[in-house]
Amino acid sequence: MSDVPHQRMLKPQSTTGINQMVPVGRPEPTEWTSTADTSHDGFEMVYPSTPALETRRILNLPCFLPKTPSINEDFCGREDILSHIAAELLPLKSTTTTSSGARRQFALCGFGGIGKTEIAREFTRRHRDSFDAVFWVVADEVAKLDEHYQQISLALGLEDPSDCKSQVVSREIVKGWLSNPRKSLSSSEELGQSSQASAEATWLLVFDNADDPMILANYWPQGNGSILITSRDPLAKTMFTRKPSGLDLGPLTQQDSLSLFSHLTTVFNDSENNVFRKITNALGGIPLAISQMAGIIRRQDLTLSEFWELYTDHEEHANLYETKFDTNLISYRHSISTVWAFEKLKPQAHQLLELVSFLDPDVVEEDLLVTAAGKMFSDGANFKKSNYIEARADLLQSSLVQRDKNKQILSVHRLVQDAIMATMDAVKKCEMFDQLIRVIWAEWPSAMPKPSKPPELPKPKSSGGRLHVGRWPVCAAMYPHILRLHQLWPEISDPSEATKLQLAKLLTEAAWYQKERGRTKDFDGFFETAQNLCISSSHPDRDSLLADIYFCLGSVAMDTSDFNNSRIYKEKSLDLVMNICQELGVADERLYLAYAERGISRTQDRRYDEGEADLKEALRIRKALGNYVPRSGEANLSWALLAQGKFEECNTLLLDSLAGREKALGKDDRESVRTGLIFYALGNLRAAQGEWNESFEYHQRAWRHMRATVGDKDFYTANVVHKISEHLIRLGRNEEAINMLNEALEIWSVDPGAHKNEISRSTFLKAKVFEATGKAQKAAIAFRVASRLRKEVTKEDRDVKSLKTEDFDEIVAFWAR
């Protein structure tokens, strides 16, 4: 990635005698507008209204995800429903370059297997050319929503791949475009501002399997467009709208049932007409059931009469299986196992279906299946790829799974998974669960360093990948399977201590991955489950893993300015690691991290001498380990030194650290954000020494480095943007300072609950600029917002006139000051 992204206009200025690269061209806003009454966190958010720039980015339209529509050649019937959806969701033909009317939404509700997803697919296939963009989003989990929204951002060209780091940021960028779907964007529109100069695109967004519609709240766009939802919850018809829109999907009509069954079996003849009708009536018009039964008839080469005899005989002896279809809307009395006759599958096909039932239903990578099957099947020692292919063919012929040949993935209906799990005994379920978490762990690139004490549990694929973006694609592919295992965990009876701790280890790593991708809360309950499992465990690896969990929770708390809890977690982590290392007589990477993290907390608490001691001890340990390359710990130590006035020591530390990184990684490396943190600290040191020109230069280098590593929208970048605005204010370049503060506020406001402290500080500084330039009304509004947010953070009620810049600096992390 270049230092200057194409969407931002820059020009050199030399007011202070050096070339200073700062954004220009965005005029000072003329008014304050509120985009919403309140945020999800309950406080009013005020955003600046900014005119558009001349430079425009052309988006990738038309845009369809997936690129190739999924075609179900066996789809038939439901024409009345498809016409109903079209009447509700198709854009007006008169749409030109202006708004196409209010947002349109429609929900297909009904129990599993009734055909909701297939109807939605058929609608998108038929009408995709009626829209400029069509996006299919699997909506059963927050993690999947985040992943799909990031894919949309990249596909549209809203973000460059090199900038696309935080899934939270990508989500907000996509929501911004859906709310204001221009075919090209100016720089200001990329930050959420509207313009009437660009043609408006039409879009269709499909939320599939949104069985808990409330999780869509943070993904729901506010502008024009069309939204189609499939859900088991009938309340989806009334979500986010005052006027219910949608329908409760019932069974196929008798004629459609006959047509579908005839099409799928191709064995019908006039002499079996009566049997034909008996079968379709028995299946109750459930499309999934008809498809599965037709698969059995084809696979076993049965006549309809032969099938009916077997079916009715099995029905009489089906009391072994009690799992029923979800009778949310209508009654269907046949057991799922009766309809699908799982017991008639070949042994390896049945084992493969059991394995698939433990994994994410939407995307099951065949490479993972082959690996898992080879390790888990009873005859795994002799398992060959040909065995997998044969088992897969059996399942495909029975229509129990679907396959995408190009992507080499399988998918399975959730009801099939539920039915298989219901027919599996507790012992086998526990055994397969244990084996599968070990298989996934063996493929997982771990963020944490190797444990101080050699673990009894299996090792991951790799260790020590914390903050390394190269491991993210593997983590993203594995994460949905971990979600599925976490969902199944309450059903696992009498697991071993090893199984419990292996799951806790996997959940901790997966939650940390989400933290790296921008989440600050709601880690799918992974941290809570992992912590509970560890606390109650007697496994030898327990303390090492619990130290990791406390380390993670302390880092999350620090990022969200929850400094008290951060300190508590970090001290707990250090205590555990120290005990382990003292017992072993070693000092390793884990101990280094634990000391460094406690040093950060002590520096934040203004216990600078103690923070200095911890950070120096961490540095001593790391140097003793060999292959020393400076990291962010040196920058953190410099803050403790700077706060104590130890300028010379601070200067030597930072310059040596910068030289060390340049020697190991090259000048202005892009390995991580760490070099940028050193630049930032040097800028603050030079400011404290009164070397303002050099301070400004270092802060601009930090800004360029942050944008090149973590992207324009990261909170690290926002810290530097705020700092540069302080330089611009000092130089009297108030208009540019306002632009930079707007940019910082835009970044913070992606996750306002986590960054309320920073929003308060940047808003206060903006108020000071308004006050200094005679804009009294704007200043009063900004002061009021900043003061209220600070009160919410500190619980301290102060008169706004008594507040100073220092009062806001103290509520943010020390490295952001």
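Note that these values count all heavy atoms, side chains included, but never hydrogens, waters or copies made by symmetry.
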Contacts of [X] that satisfy side chain to side chain contact (heavy atoms under 4.5 Å, CB included) - sequence neighbours left out:
| X | value |
| --- | --- |
| Met214 | Asp212, Met239 |
| Gln402 | Ser411 |
| Ser257 | Leu252, Thr280, Ile290 |
| His263 | Asp74 |

Original post:
Are Leu395 and Val412 close enough, and set up right, to give a side-chain contact (heavy atoms from CB on, under 4.5 Å), and what steps lead you there?
Top reply: CA-CA 10 Å; Leu395 297 181; Val412 61; over 6 Å; no
Original post:
Checking side chain to side chain donor-acceptor pair (under 3.5 Å) for the pair Ser245/Gln105: CA distance, chi angles, key distance, verdict?
Top reply: CA-CA 7 Å; Ser245 180; Gln105 64 186 76; over 6 Å; no
Do side-chain atoms of [X] reach the backbone of [Y] as a donor and acceptor pair under 3.5 angstrom?
| X | Y | answer |
| --- | --- | --- |
| Ser226 | Leu90 | no |
| Tyr149 | Tyr219 | yes |
| Ser179 | Gln222 | yes |
| Thr423 | Ile420 | yes |
| Ser749 | Glu746 | no |
| Asp233 | Leu235 | yes |
| Thr202 | Asp132 | yes |

All N/O donor-acceptor pairs, side-chain side in residues 133-143, below 3.5 Å, sequence neighbours left out:
residue: Asp140; atom: OD1; partner: Lys144; partner atom: NZ; Å: 3.3
residue: Asp140; atom: OD2; partner: Lys144; partner atom: NZ; Å: 3.2
residue: Asp140; atom: OD2; partner: Arg414; partner atom: NH2; Å: 2.7
residue: Glu141; atom: OE2; partner: Gln487; partner atom: NE2; Å: 2.0

Atom of [X], atom of [Y] and distance for their closest heavy-atom approach:
| X | Y | result |
| --- | --- | --- |
| Glu159 | Ser153 | OE1-OG, 2.7 Å |
| Trp220 | Lys175 | O-CE, 4.0 Å |
| Ser231 | Ala210 | OG-O, 2.7 Å |

Using side-chain heavy atoms (C-beta onward) and a distance below 4.5 Å, is [X] in contact with [Y]?
| X | Y | result |
| --- | --- | --- |
| Gln417 | Arg484 | yes |
| Val206 | Phe123 | no |
| Leu247 | Phe106 | yes |
| Leu483 | Asp360 | no |
| Val401 | Val364 | no |
| Glu200 | Arg182 | yes |
| Gln150 | Arg517 | yes |
| Ile227 | Trp203 | yes |

Subject >> Axial cation check for Phe64 ring with Arg128, 6.0 Å and 45° limits >> reply: yes
[atom1]/[X] to [atom2]/[Y] distance, rounded to the nearest 0.5 angstrom?
| X | Y | atom1 | atom2 | answer |
| --- | --- | --- | --- | --- |
| Leu507 | Trp489 | CG | CH2 | 9.0 Å |
| Arg78 | Thr253 | CZ | OG1 | 8.0 Å |
| Asn209 | Lys116 | CG | NZ | 7.0 Å |
| Ser170 | His148 | OG | NE2 | 14.0 Å |
| Glu122 | Cys76 | CD | SG | 10.0 Å |
| Leu154 | Cys63 | CG | SG | 10.0 Å |

Original post:
So Ile85 and Ile119, side-chain contact (heavy atoms from CB on, under 4.5 Å) or not? Walk me through it.
Top reply: CA-CA 10 Å; Ile85 299 172; Ile119 293 173; 3.8 Å; yes
**OP:** Inspect the contact between Arg126 and Glu79 and indicate whether a charged nitrogen and a carboxylate oxygen are less than 4.0 angstrom apart.
**Re:**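 Yes, Glu79 and Arg126 are salt-bridged.
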Original post:
If you measure from the Lys or Arg side-chain nitrogens to the Asp or Glu carboxylate oxygens, is any gap between Asp248 and Lys237 under 4.0 Å?
Top reply: yes
Original post:
Of the options Val556, Asp146, Asp559, which is the one that meets Arg519 in a side-chain contact (heavy atoms from CB on, under 4.5 Å)?
Top reply: Asp146
**OP:** Would you sort out whether Val750 and Lys713 count as a side-chain contact (heavy atoms from CB on, under 4.5 Å), showing the intermediate values?
**Re:** CA-CA 9 Å; Val750 167; Lys713 310 294 185 183; 5.9 Å; no
Subject >> is_close_aromatic(His127, Phe131), centroid dist under 6.0 Å >> reply: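 No, the ring of His127 stays outside the 6.0 Å limit from the ring of Phe131, centre to centre.
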**OP:** Apply side chain to side chain donor-acceptor pair (under 3.5 Å) to the pair Gln254 and Asn281, showing each step before the final yes or no.
**Re:** CA-CA 8 Å; Gln254 186 180 55; Asn281 289 338; 3.3 Å; yes
Subject >> Set of ring-ring contact (aromatic ring centres under 6.0 Å, His included) partners for His755, sequence neighbours left out >> reply: Phe715, Trp748
Original post:
Do the ring planes of Phe261 and Phe276 sit parallel (below 30°), tilted (30 to 60°) or perpendicular (above 60°)?
Top reply: tilted
